[in-house]
Structures are given as structure tokens and as C-alpha cells.
Protein chains: 2
Amino acid sequence: MLFIIVDCKTSSARICAMPHLKKATPENASVNKRILDTALDLFVERGFHNVSIHDIQKQANVSIGSIYNHFGGKEGVAKALYYHLIREMEELVKDVVDEGLGYRESCNRIIYMLFEYTETKRNIIAYVLHAKHQEFLPDEPPICSSTPFKTMRNIVQQGIESGEIREGDPWVIASSVFGGAIRLIHLRLDGVLKEPLPKLYDELIDCMWQGVTPAAIQESVA
Amino acid sequence: MLFIIVDCKTSSARICAMPHLKKATPENASVNKRILDTALDLFVERGFHNVSIHDIQKQANVSIGSIYNHFGGKEGVAKALYYHLIREMEELVKDVVDEGLGYRESCNRIIYMLFEYTETKRNIIAYVLHAKHQEFLPDEPPICSSTPFKTMRNIVQQGIESGEIREGDPWVIASSVFGGAIRLIHLRLDGVLKEPLPKLYDELIDCMWQGVTPAAIQESVA
DNA sequence: GTCTATATATGGATAGAC
DNA sequence: GTCTATCCATATATAGAC
């Protein structure tokens with residue numbers, strides 16, 4: 001379920017901040033939210049092209065007319081979702097950055113947050129990281145060129161410049177930092193990996209930093 | 001273009017073994033091959049659901065009837081492609097294993113091969129690693145549970161047992177080994193990363209092994 | 001085995017009442 | 001702004017000639 005849609009600010013970046021008591025009641029939620037909510041569920045479950053306007057209409061308990069009024073069609077719904085969720089992620093990443101923890105720790109927090117989300121808000125992560133948007137939103141830029149991902153690469157870049165992270169090609173280093181985590185998320189979303197991701201966090205982080213820590217720091221620790 | 005379809009054995013695992021002179025001539029190729037060939041191109045370019053039987057029919061210069069005769073429909077084409085390409089990858093991985101290079105070097109070779117393929121046989125990699133098969137082949141197992149991927153994880157597992165690779169949760173280690181490479185492939189396929197992957201190989205491999213080399217070996221090298 | 005013509009279903013989109 | 005009924009394009013699948 002989405003709490004974020006109406007106002008991104010309300011969903012702070014607190015890790016684990018799941019308002020369990022808020023009992024999502026799709027019936028009395030705003031039409032707008034109900035549409036986006038069920039669209040997310042359906043798109044993730046079946047894929048964009050296997051979901052019809054009629055399906056959304058039925059499951060969201062709204063009329064086709066409303067969907068067209070609000071979003072101009074199925075693609076419009078997908079696009080709205082796309083930008084809402086990117087913005088949601090952007091907020092989360094930004095909040096981590098604003099904590100001013102240092103670049104390495106920022107990367108850790110982002111990875112942990114992604115792992116948590118994969119377990120508790122699976123569909124959001126699935127839609128952002130797993131969907132092939134190019135196939136139904138051909139005019140939108142690919143997700144990995146969106147702000148949150150840019151910000152993540154930026155953190156790595158600054159980490160390199162500050163000496164916290166090993167030098168090298170920015171793409172290689174960024175992929176070395178986040179690639180393992182993203183791979184685990186994909187495996188988890190595909191149902192191949194049975195273990196909850198947070199359990200694997202410590203070990204992954206350990207491997208990862210051993211790979212991209214500058215030699216200087218590596219020695220000083222040893 | 002596909003050389004593999006008709007007989008997987010013919011396309012050996014030689015890296016860079018591109019028979020440039022063979023001049024792919026879709027006109028006189030077998031109907032079967034022509035269908036699969038153009039289907040791959042179209043599916044990768046537009047996505048499965050944005051390609052109609054008629055599109056394949058036109059571009060492959062065959063009739064709709066032929067497509068149904070050979071594959072039973074669009075889904076049949078996609079499924080045949082899926083298994084052909086998985087088998088192709090499996091052959092490549094198997095050939096690497098058969099060289100008996102040791103587990104670390106085997107991982108390197110596989111990554112290099114994937115990088116090469118991404119540049120020279122882009123659509124094959126895109127279809128195998130980038131497509132969301134669950135959305136059009138809901139009854140097939142996810143690609144990451146297919147043999148080539150299992151074999152890759154198996155190599156890592158044996159590497160761990162032999163002491164060549166650092167101990168830890170198999171999923172974490174495997175993701176640490178291949179995650180960065182797969183991430184780079186995705187970035188490249190999305191067009192975000194402009195550099196050819198083989199150029200980044202050395203650096204990636206370096207980062208990667210620094211992360212997952214056992215402490216014992218690490219010290220002995222230093 | 002290959003082709004064309006056609007049937008049938010589905011789903012996106014609109015019109016117009018409330 | 002919300003709804004229902006309807007239109008129309010598209011795409012899968014089949015039938016039947018060659």
C-alpha cells in the first residue's frame with residue numbers, strides 16, 4: 001500500500017517507519033489514491049500490458065471515466081506512478097544525504113533502506129527497479145538516469161574525491177558499490193532468494209567495502 | 001543476428017568468435033531461423049507486447065500461417081527464443097568450465113564473455129538479462145533460476161569450498177561476484193553508460209576480487 | 001508446409017447522462 | 001467529477017485454398 005502518493009513529505013525517510021495502525025482502507029481513500037494504489041498492485045503482479053483499464057476500474061471501485069479524468073488513460077496512470085515513486089525514492093535518498101553521515105555510511109543507509117523496502121513495500125521497489133518502463137513509457141528517460149540514481153552515483157563520486165572510496169572509473173565504482181545489493185533485490189523479487197534481505201545486509205556490506213575501500217584505509221584498519 | 005538457433009554446438013564459446021564474413025542473409029535462411037531472428041530483434045527493440053504477429057510476419061517475410069505452424073503463436077516464438085538463448089548461454093558457461101581454469105578465472109571469463117556479447121550480440125543479452133519474461137511467459141521459471149545462472153552460482157560455491165573465494169552466504173558472495181558486472185550490463189543496455197564494457201573489465205575485476213578474496217590470499221599477495 | 005482472408009475477442013477511448 | 005454504454009481499432013487465431 002502507498003502512503004506516499006498524496007504528499008511525499010509525509011513519508012519521512014525513517015527506516016522501518018511503517019505506520020501499521022493506519023489501516024489502509026481503499027474504500028474511503030481518495031479516488032486518485034485508489035487508482036494509483038491498485039494500479040501499482042496490478043502492474044507489478046501482472047505487468048503493465050496484462051492489465052486493462054477495466055481491471056483497474058473494477059479493483060479500484062471507480063469508473064473508467066474517472067481514470068480518464070484524472071490521468072488521461074492507462075499510460076497516464078503508469079506515468080504518474082512512475083514519477084510519484086521516483087520522487088518518493090528521491091526523498092529517501094535525499095534524507096539520507098542530509099543526515100551528513102559521510103559518503104560510505106550514506107551508501108550503507110541507502111542499501112539498507114532499499115532492502116527494508118523490498119520486504120515491506122515490495123511493489124514500490126518492484127515497480128521502480130524491476131519493471132521495464134521503456135516498454136510502456138517509451139518517452140520517459142530510463143529509470144537509472146533519474147535523480148535518485150544520479151544522486152547515488154553522486155555520493156559515490158564525492159566519496160572518491162574525499163578519499164573515502166577507492167579511485168577509479170565512476171561507473172565501475174558505483175556499480176561495485178550498489179551492484180551486489182541490486183542483484184540481491186532482483187533475486188529476491190523473482191522469488192529465487194528465500195531469505196529476507198536485511199539478514200544479508202551485514203555480510204554484503206562487508207564484501208562490498210572490502211572491494212572499494214582505498215588501499216590506505218584498508219591497511220590502517222588491518 | 002543469431003547464428004546459434006539452428007545448432008547450438010556450432011557457436012563455440014570462443015570469445016570474439018564473430019564470423020563476420022558469414023554475411024547474414026535473412027532472405028535465404030530457413031523459415032524457422034528467420035522467424036526467431038526477427039522476433040528477437042523486434043522483441044528487444046519494442047518489447048514483446050508491442051510486437052504483433054503481423055509485425056514479425058512482415059519483417060521476416062513469412063506468412064502468419066508459418067508462424068503458427070512452427071511455433072503455435074507469438075508466445076510460442078518467445079518461448080522458443082527463451083530456451084534457445086538460455087541453452088546458448090549454458091553452452092558458453094559450460095565451455096568456460098570445461099577449460100578447467102580454476103574457479104576465479106572461470107568467473108572472470110564468464111564476465112568477459114558477457115561483456116563481449118553485450119557489445120557484439122546485444123539483443124541476445126538484452127533478451128536474456130533485460131527482458132521481463134514473467135510478463136509474457138508466466139509459466140516459465142524466472143531466468144535467474146535457469147541452468148546457466150545456476151552453474152555460475154555453482155562455480156562460486158565450489159570456489160568458496162576450494163578456498164579460492166571468500167566464505168559467506170552463497171547468495172551474497174555470488175551477487176558480489178557477478179552483481180557489479182550485471183549492473184554495468186544493465187546500464188549499458190539502457191544507453192546510460194556510453195563506454196564499451198570490455199574497457200571497464202579490468203577495473204571491475206580488480207574491485208570485485210578485492211571484495212571476495214579470502215583474507216589468507218589477500219595477505220600473501222600483499 | 002505455406003499462404004490469404006476472415007472470424008472473434010479484447011481493450012483503449014469517447015460521448016453524453018447524472 | 002463521476003458514471004455507463006458504446007464505438008472502433010488492433011491483434012490473435014483459424015479456416016481453407018494452393
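No experiment lies behind these values; they were computed from the predicted model shown.
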Just the table, please: protein N/O against nucleotides 12-15 of chain D N/O, every pair under 3.5 Å.
residue : atom : partner : partner atom : Å
D:dT12  : OP1  : B:K74   : NZ           : 2.9
D:dT12  : OP2  : B:I53   : N            : 2.9
D:dA13  : OP2  : B:Y68   : OH           : 3.1

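Each ring-ring contact (aromatic ring centres under 6.0 Å, His included) pair with one or both residues in residues 51-81 of chain B, not counting sequence neighbours, would appear here, but there are none.
With sequence neighbours left out, A:N108 forms a side chain to side chain contact (heavy atoms under 4.5 Å, CB included) with A:E105, A:Y201, A:I205, A:M208, A:W209. For the side chain to side chain contact (heavy atoms under 4.5 Å, CB included) test, residues two or more places apart in sequence or in another chain that qualify with B:I182 are A:R183, B:F178, B:H186. Scanning for side chain to side chain donor-acceptor pair (under 3.5 Å) contacts around A:S146 gives an empty result, with sequence neighbours left out.
Using modelled atom types and a 3.5 Å distance limit, the side chains of A:N154 and A:T151 yield no donor-acceptor pair.
Ring pair B:F136/B:F43 is tilted by interplanar angle, where 30° to 60° counts as tilted.
Of the charged side-chain nitrogens involved, none lies within less than 4.0 Å of a carboxylate oxygen, so that B:K199 and A:D169 do not count as a salt-bridged pair.
With a cutoff of under 4.0 Å to any heavy atom of chain A, the contacted region of DNA chain C is bounded 5' to 3' by C:dG11 to C:dT14.
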